[in-house]
J.: 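My questions all concern the structure below.
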Amino acid sequence: MSASPPPPFIDLTHVTRTFRAGSRSPVHALRDVSLALPAGSFTAVVGRSGSGKSTLLHLLAAMDRPTSGTVRVNGTDVAALDDDGRARYRRETVGMLFQRFHLVPTMNALDNAALPLALAGVALAERRDRAAALLARVGLGDRLDHRPTELSGGEQQRVALARALAHDPPLLLCDEPTGNLDSATAAEVIGLLATLHRDEGRAVVVVTHTPAEIAAVAERTLRMKDGAVAEEVVTGE
């Protein structure tokens, strides 16, 4: 008898998200979305503005809750967590990368990358050692003392990526991570994400308006339209 397949790492079941504002008609950001993504997969989520891409990402990050349905990540019912549980989930499971880098302007690259470890109470020497190793991993071993204003956009995004990896999360969620970068620098960042996925087995979910950037590396593409998954294309596992 063959072994049962492992459960999905990300498992959404009949998820809806509806926003209401006073007397205005409700906005259905997600409509009955069900999907299953395996551990260590690289997924692109594409679609026009307002299609539900970012709402989906926020639910996976426990930054929002579904109106109905179930969001499970690595067996955890994310929507059922209380505030402390959601904070712990984000600290232990999720790394976030944004279009705007959200670096602290008064901190150098080393301390920006180490910030999640500082918030978790990791000792100064250990967190700086770990942050230095991560910055070297993303090609910034010679920029540890530079502040954000002394770095290019691509370098700032790589600092943000090192910060997202500081607590070694199994899931990396990226919201338009190349939106503020030129095409050559965007390709470098996408290449880093692909390497982290391939070499370290991290699950990566990238929301993007420009799917061509990640077509060569994503194993599946979810095309969102009007709050639903209009198409799912799997090119490899």
Side-chain angles (χ1 to χ4, degrees), residues 10 17 29-30 42-65 71 73 78 86-87 89-120 131 134-135 137-140 143 146-183 185-197 202-211 213-214 217-218 222 224:
I10 294 173
R17 182 64 177 101
L30 290 179
F42 194 121
T43 303
V45 184
V46 303
R48 294 181 178 179
S49 296
S51 62
K53 306 185 306 298
S54 292
T55 300
L56 175 63
L57 205 71
H58 292 163
L59 293 180
L60 292 176
M63 297 168 65
D64 193 10
R65 299 181 189 271
V71 178
V73 179
V78 177
R86 285 150 61 92
Y89 163 79
R90 286 191 293 267
R91 185 169 62 246
E92 297 176 353
T93 303
V94 177
M96 291 289 297
L97 195 64
F98 302 94
Q99 178 175 350
R100 301 187 185 279
F101 317 124
H102 298 306
L103 300 178
V104 180
T106 56
M107 289 183 175
N108 61 24
L110 183 66
D111 288 334
N112 264 291
L115 185 56
L117 301 175
L119 296 175
L134 285 167
L135 287 167
R137 179 81 173 83
V138 300
L140 292 178
R143 293 286 194 272
H146 289 62
R147 293 186 179 184
T149 54
E150 300 170 312
L151 300 171
S152 68
E155 288 170 335
Q156 290 183 61
Q157 189 62 297
R158 282 188 276 168
V159 173
L161 177 56
R163 180 186 58 194
L165 297 172
H167 52 284
D168 196 27
L171 174 60
L172 193 59
L173 300 176
C174 309
D175 194 358
E176 299 285 356
T178 61
N180 286 338
L181 306 178
D182 61 72
S183 57
T185 306
E188 292 177 1
V189 171
I190 292 299
L192 278 172
L193 294 174
T195 298
L196 291 166
H197 156 66
R202 300 181 197 275
V204 180
V205 179
V206 180
V207 163
T208 179
H209 282 94
T210 51
E213 292 177 345
I214 61 172
V217 295
L222 305 176
M224 303 288 295

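Index from 1, following the sequence. In what follows, every heavy atom counts, from backbone to side chain, and hydrogens, waters and symmetry copies are set aside. Keep in mind the model is a prediction, meaning the values are calculated, not measured.
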J.: Which pair of non-hydrogen atoms, one from L59 and one from L30, has the smallest distance, and what is that distance?
T.: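 Residues L59 and L30, closest heavy atoms: CD1-CD1, 3.5 Å.
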
J.: How close do P169 and T93 get, counting heavy atoms only, and between which atoms?
T.: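 Heavy-atom minimum between the residues: CB-O, 3.3 Å.
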
J.: With sequence neighbours excluded, what pairs up with L161 under the side-chain contact (heavy atoms from CB on, under 4.5 Å) test?
T.: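 Counting only residues at least two positions away or on another chain, L161 forms a side-chain contact (heavy atoms from CB on, under 4.5 Å) with L97, V138, L165, L172, L192, L193, L196.
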
J.: How long is the gap from CG on L103 to CD on Q157, to the nearest 0.5 Å?
T.: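 Here the interatomic distance stands at 8.0 Å.
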
J.: Does R65 offer a backbone N or O that forms a donor-acceptor pair with the side chain of R17 under 3.5 Å?
T.: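 Pair found, side chain donor or acceptor close to backbone of R65.
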
J.: Would you list the pairs meeting salt bridge (charged side-chain N to carboxylate O under 4.0 Å, His left out) in which at least one residue belongs to residues 43-58, sequence neighbours left out?
T.: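 For residues 43-58: none.
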
J.: Would you say that V189 contacts L181 through its side chain, given a criterion of any heavy-atom pair below 4.5 Å between the two side chains?
T.: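 Side-chain contact under 4.5 Å: yes.
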
J.: Let me know which of V45, V205, V206 forms a side chain to side chain contact (heavy atoms under 4.5 Å, CB included) with L57.
T.: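 Answer to the side chain to side chain contact (heavy atoms under 4.5 Å, CB included) test with L57 among V45, V205, V206: V205.
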
J.: When rounded to the nearest 0.5 angstrom, what distance separates CZ in R90 from CG in L171?
T.: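 R90 CZ to L171 CG: 13.0 Å, rounded to 0.5 Å.
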
J.: In Å and rounded to the nearest 0.5 Å, what is the CD to NE2 distance from Q156 to H102?
T.: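 Taking CD in Q156 and NE2 in H102, the distance rounds to 12.0 Å.
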
J.: Flag the pair V94 / L60 as yes when at least one side-chain heavy-atom distance between them is below 4.5 Å, and no otherwise.
T.: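 Side-chain contact under 4.5 Å: no.
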
J.: Search all heavy atoms of A61 against all heavy atoms of M96 and return the closest pair with its distance.
T.: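 Looking at all heavy atoms of both residues, the shortest contact is CB-SD, 3.7 Å.
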
J.: On a heavy-atom basis, which atom in A29 and which in T55 lie closest, and how many Å separate them?
T.: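 Closest heavy-atom pair between A29 and T55: CB-OG1, 3.7 Å.
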
J.: What pairs with T185 under side-chain hydrogen bond (donor to acceptor under 3.5 Å, both in side chains), at least two apart in sequence or on another chain?
T.: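 If we apply the side-chain hydrogen bond (donor to acceptor under 3.5 Å, both in side chains) test to T185, skipping adjacent residues, the hits are D182.
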
J.: Would you tabulate the side-chain donor-acceptor contacts of residues 111-120 under 3.5 Å, counting partners in other chains and residues two or more places apart, or write 'none'?
T.:
residue	atom	partner	partner atom	Å
D111	OD1	R128	NE	3.1
D111	OD1	R128	NH2	3.3
D111	OD2	R128	NH2	3.3
N112	OD1	V104	N	2.7
N112	ND2	V104	O	3.1
N112	ND2	M107	O	3.0
N112	ND2	N108	O	3.2

J.: Just verifying a value: how many Å separate R86 CZ and R91 CZ, rounded to the nearest 0.5 Å?
T.: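 R86 atom CZ to R91 atom CZ measures 14.0 Å (nearest 0.5 Å).
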
J.: Please list all pairs passing the ring-ring contact (aromatic ring centres under 6.0 Å, His included) test where one or both residues lie in residues 42-65, with sequence neighbours left out.
T.: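 Those involving residues 42-65 are F42-H197.
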
J.: Closest heavy-atom contact between V207 and P177?
T.: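 It is O-CD, 3.8 Å.
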
J.: I need the D64 CG to S54 OG distance, nearest 0.5 Å.
T.: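 Reported value, rounded in 0.5 Å steps: 11.5 Å.
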
J.: Filter on salt bridge (charged side-chain N to carboxylate O under 4.0 Å, His left out), then keep only pairs touching residues 152-175, sequence neighbours left out; what's left?
T.: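 Every salt bridge (charged side-chain N to carboxylate O under 4.0 Å, His left out) pair that includes a residue of residues 152-175, provided the two are not neighbours, is R143-E155, D168-R202.
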
J.: Run the side-chain contact (heavy atoms from CB on, under 4.5 Å) check on L222 and V46 step by step: do they pass?
T.: CA-CA 6 Å; L222 305 176; V46 303; over 6 Å; no

J.: Roughly how far apart are S51 OG and L56 CG, rounded to 0.5 Å?
T.: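 Going from the OG atom of S51 to the CG atom of L56 covers 9.5 Å.
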
